[in-house]
Amino acid sequence: MSSIDQLTPAVSRGLGFLEDHQHSDGHWQDFSVPFESDMWVTAYVGTMVSEISLGNTRPMAERSHAWLQQAANRGRWAFADVAALDADSTIWASRLGEQLGFGISSETLEFLHKHVCEDGHIAMYIHEDFLERYGEDYEMQSPGWYCGHPCVTSAASSLIGLPWRDRVVRALSLAQQSTGSWQGYWCIDPEYATALSIEGLHGSAEYAKNVEAAAQWLSRRARDGAVSTAHFPQGSAFATGFALRGLVMAGELGPVQERIGTWLASAQRPDGSWSSSAALLMPNPHMMRLNPLLWLPGNRKRTHWETIFLDQYRLHTTATVINALWRLLAAMEQKGDADPSAEGAEHQGIRQ
């Protein structure tokens with residue numbers, strides 16, 4: 001198994017990188033599309049950090065949560081202040097709140113409930129979001145953006161405070177592909193939606209076969225230690241991190257996880273980060289289902305809707321990887337291999 005002496009310092013250095021890039025008021029910024037995200041990125045990175053029990057992760061997460069409460073629009077959040085309110089940003093802000101011990105407000109629940117589609121999936125946007133942000137003259141009809149998305153639904157599936165969570169989880173189970181994976185809409189890497197779906201489905205005998213099939217798919221994807229993608233043929237740290245997260249959540253601990261942990265630790269940059277590989281899509285608003293072929297690398301002329309946006313500051317990728325490595329360390333501890341909080345806690349500003 002990957003050594004505790006190798007993995008714990010890697011998590012600590014990654015946390016140090018995130019701490020160094022957290023603004024004094026508690027928020028993070030990343031992804032230029034062309035304006036940078038603050039609310040969505042802060043909610044996501046804060047959630048990833050809040051799930052790690054090492055050093056001063058709790059204060060880091062609490063600062064991000066406090067900033068989000070100040071930035072909130074009646075219990076709702078957006079990619080950034082200039083963007084329309086959306087379900088995914090609100091889901092991640094809610095996940096951070098739950099992780100820190102806070103409930104989900106009635107305003108937040110009302111907002112999210114409006115985004116639940118007939119089939120039980122959750123849409124990123126509804127037309128009302130754009131009307132509220134841009135006014136009555138806004139005429140954009142977006143059947144693709146207004147339908148349910150597995151990547152958004154999977155992120156919500158583990159929210160304990162959702163009164164309709166059973167409906168969401170059921171919808172996810174029915175959306176699983178024959179490969180065992182889930183394909184997202186806004187995130188091109190299926191490892192993202194697959195790992196988050198495992199998180200929402202695991203623990204229930206009813207969905208045990210779904211989780212097993214998903215874990216088998218992730219194992220195949222990362223059998224050599226890294227998930228190779230079209231854009232990152234030598235290995236995507238983001239996709240690999242989610243493969244590891246999903247496998248650990250499914251209760252898998254073996255040679256594949258060893259290789260993933262070793263590869264991720266060796267891929268860490270000197271500053272504690274991992275190279276940008278979290279890929280955000282802006283599909284054509286009329287596209288009902290994602291066509292991954294449109295985003296394959298190549299020199300052909302591309303439209304605005306065929307552009308992949310990466311986390312240029314490496315925050316999304318780094319937060320994903322250290323969260324996955326921490327889960328691996330916790331699983332090793334449970335197995336009796338090591339205590340992940342015992343070593344490597346002091347590094348780049350991370351203190352016990």
query = Taking NZ, NE, NH1 and NH2 as the nitrogens, is one of them in Arg76 or Asp86 under 4.0 Å from a carboxylate oxygen of the other?
reply = no
query = If you take all heavy atoms of Val49 and Ala61, which pair is closest and at what distance?
reply = CG1-N, 4.4 Å
note = In short, Leu247 meets Gln257 closest at the heavy-atom pair CD1-NE2, 3.1 Å
ask   = Any donor and acceptor pair, going by atom type alone, linking the side chain of Asn291 with main-chain N or O of Leu293 inside 3.5 Å?
value = yes
ask   = Is there a donor-acceptor contact under 3.5 Å from the side chain of Glu19 to the main chain of Met60?
value = no
query = Would Met124 and Met288 show up in the same hydrophobic cluster when neighbours are defined by side-chain heavy atoms closer than 4.5 Å?
reply = no
ask   = Is any side-chain heavy atom of Leu159 less than 4.5 Å from a side-chain heavy atom of Arg165?
value = no
ask   = What pairs with Tyr192 under ring pair (Phe, Tyr, Trp, His ring centres under 6.0 Å), at least two apart in sequence or on another chain?
value = Phe242
message = Nearest 0.5 angstrom please: Ser64 OG to Gln69 CD, how far?
response = 10.0 Å
inquiry  = For Pro190, is there any backbone N or O sitting under 3.5 Å from a side-chain donor or acceptor partner on Thr194?
reply    = yes
query = Does Val227 belong to the same Ile/Leu/Val/Met/Phe/Trp/Tyr cluster as Leu280, with side-chain heavy atoms less than 4.5 Å apart forming each link?
reply = no
request  = Apply side-chain contact (heavy atoms from CB on, under 4.5 Å) to Ser228 and Gln234, showing your working.
outcome  = CA-CA 6 Å; Ser228 174; Gln234 302 306 312; over 6 Å; no
request  = Following the transitive rule for hydrophobic clusters with a side-chain heavy-atom cut-off under 4.5 Å over Ile, Leu, Val, Met, Phe, Trp and Tyr, establish whether Phe35 and Leu281 coincide in one cluster.
outcome  = yes
query = Closest approach of His286 and Pro143, non-hydrogen atoms and distance?
reply = ND1-CD, 3.4 Å
query = Would Leu310 end up clustered with Phe79 when hydrophobic side chains under 4.5 Å apart are linked, directly or stepwise?
reply = yes
ask   = Between Tyr44 and His316, does any side-chain donor sit less than 3.5 Å from a side-chain acceptor?
value = no
Residue pair His113, Trp164: steps toward the side chain to side chain donor-acceptor pair (under 3.5 Å) verdict = CA-CA 8 Å; His113 191 252; Trp164 58 91; 5.8 Å; no
remark   = Of Phe31, Trp77, Trp28, the one forming a ring-ring contact (aromatic ring centres under 6.0 Å, His included) with Trp40 is Phe31
Tyr125-Phe130 aromatic ring centre distance below 6.0 Å = yes
key: Test item: Pro283 and Trp186 side chains (from C-beta on) under 4.5 Å apart, heavy atoms   = yes
query = Met39 and Leu68: which non-hydrogen atoms are nearest, and at how many Å?
reply = O-CD2, 3.6 Å
key: Val41 backbone acceptor or donor facing Ser37 side chain under 3.5 Å   = yes
Any donor-acceptor N/O pair, His21 side chain to Leu18 backbone, under 3.5 Å = no
request  = Output, in order, the C-alpha distance, side-chain angles, deciding distance and verdict of side chain to side chain donor-acceptor pair (under 3.5 Å) for His127 and Tyr146.
outcome  = CA-CA 7 Å; His127 191 48; Tyr146 299 160; 3.0 Å; yes
query = Between His23 and His27, what is the ring plane arrangement, given parallel below 30°, perpendicular above 60°, and tilted in between?
reply = parallel
key: Leu290 side chain near Gln183 side chain, heavy-atom distance below 4.5 Å   = yes
key: Lys/Arg N to Asp/Glu carboxylate O, Arg245 vs Glu191, below 4.0 Å   = no
ask   = If you round to the nearest 0.5 Å, how far is CD of Gln176 from NZ of Lys209?
value = 12.0 Å
query = Do Ser105 and Thr108 have side-chain atoms, one donor and one acceptor, less than 3.5 Å apart?
reply = yes
ask   = After noting the C-alpha distance and the side-chain angles of Trp182 and Trp217, does the key distance pass the ring-ring contact (aromatic ring centres under 6.0 Å, His included) rule?
value = CA-CA 10 Å; Trp182 280 265; Trp217 181 81; 9.3 Å; no
query = Does one side chain, of Thr47 or Gln99, offer a donor that lies under 3.5 Å from an acceptor on the other?
reply = no
inquiry  = Show the nearest heavy-atom pair for residues Cys151 and Cys187, with the distance to one decimal.
reply    = SG-N, 4.4 Å
message = Looking at Tyr313, I'd like to know if its OH atom is crowded, meaning that more than 12 non-hydrogen atoms belonging to other residues, nucleotides or ligands lie closer than 6.0 Å.
response = no
inquiry  = Around atom CG of Asp81, are there more than 12 heavy atoms from other residues, nucleotides or ligands closer than 6.0 Å?
reply    = no
inquiry  = Please report the interatomic distance CD(Gln22) to OG1(Thr42), rounded to the nearest 0.5 Å.
reply    = 8.0 Å
task = Salt-bridge test for Glu132 and Arg74: reply yes if a basic N is under 4.0 Å from a carboxylate O, no otherwise.
result = yes
message = For a side-chain contact (heavy atoms from CB on, under 4.5 Å) check, start with the C-alpha distance between Met48 and Ile322, then their side-chain angles and the critical distance, and finish with the verdict.
response = CA-CA 8 Å; Met48 293 289 132; Ile322 61 172; 5.9 Å; no
inquiry  = Measuring from atom CD1 of Ile104 to atom CG of Leu109, what distance do you get when rounded to the nearest 0.5 angstrom?
reply    = 5.5 Å
key: Side-chain H-bond candidate by donor/acceptor type, Gln70 with Asp25, under 3.5 Å   = no
request  = State plainly whether the residues Arg95 and Glu51 are in salt-bridge range, i.e. N to O under 4.0 Å.
outcome  = yes
message = Within the 3.5 Å criterion, strictly below it, is a donor on Thr317 or Asp311 matched to an acceptor on the partner's side chain?
response = yes
request  = Provide the closest heavy-atom pair for Leu296 versus Ala230 in the form atom of the first, atom of the second, distance.
outcome  = CD2-CB, 3.8 Å
query = In terms of hydrophobic clustering (I, L, V, M, F, W, Y; side-chain heavy atoms under 4.5 Å; direct or indirect links), are Tyr185 and Leu294 co-clustered?
reply = yes
inquiry  = His65 vs Phe102, test: ring-ring contact (aromatic ring centres under 6.0 Å, His included). Steps then yes/no.
reply    = CA-CA 10 Å; His65 181 262; Phe102 300 100; 4.7 Å; yes
key: Test item: Thr57 side-chain N/O and Ile52 main-chain N/O as donor-acceptor pair under 3.5 Å   = yes
task = Look only at the side chain of Ser266 and the backbone of Trp263, and say whether a donor-acceptor pair between them is shorter than 3.5 Å.
result = yes
inquiry  = Check whether Ser142 reaches the backbone of Gly144 with its side chain - one donor and one acceptor, N or O, closer than 3.5 Å.
reply    = no
message = Within this structure, what is the CG-OG distance for the pair Leu112 and Ser94, rounded to the nearest 0.5 Å?
response = 5.5 Å
CG-CG distance between Leu328 and Leu253, expressed to the nearest 0.5 angstrom = 6.5 Å
query = Yes or no on side-chain contact (heavy atoms from CB on, under 4.5 Å) for Glu98 and Ile160, after CA distance, side-chain angles and deciding distance?
reply = CA-CA 8 Å; Glu98 280 200 342; Ile160 303 301; 4.0 Å; yes
query = Is there side-chain contact between Trp274 and Ser236, with at least one heavy-atom pair below 4.5 Å?
reply = no
message = Could you check whether Asp129 and His115, counting side-chain N and O atoms only, form a donor-acceptor pair closer than 3.5 Å?
response = yes
request  = Start with the C-alpha distance between Leu244 and Arg327, add both sets of side-chain angles, then the distance that settles side-chain contact (heavy atoms from CB on, under 4.5 Å), and finish with yes or no.
outcome  = CA-CA 8 Å; Leu244 178 58; Arg327 288 177 181 274; over 6 Å; no
ask   = When Arg314 is tested against each of Asp20, Asp30, Asp271 for salt bridge (Lys or Arg N to Asp or Glu O under 4.0 Å), which residue passes?
value = Asp271
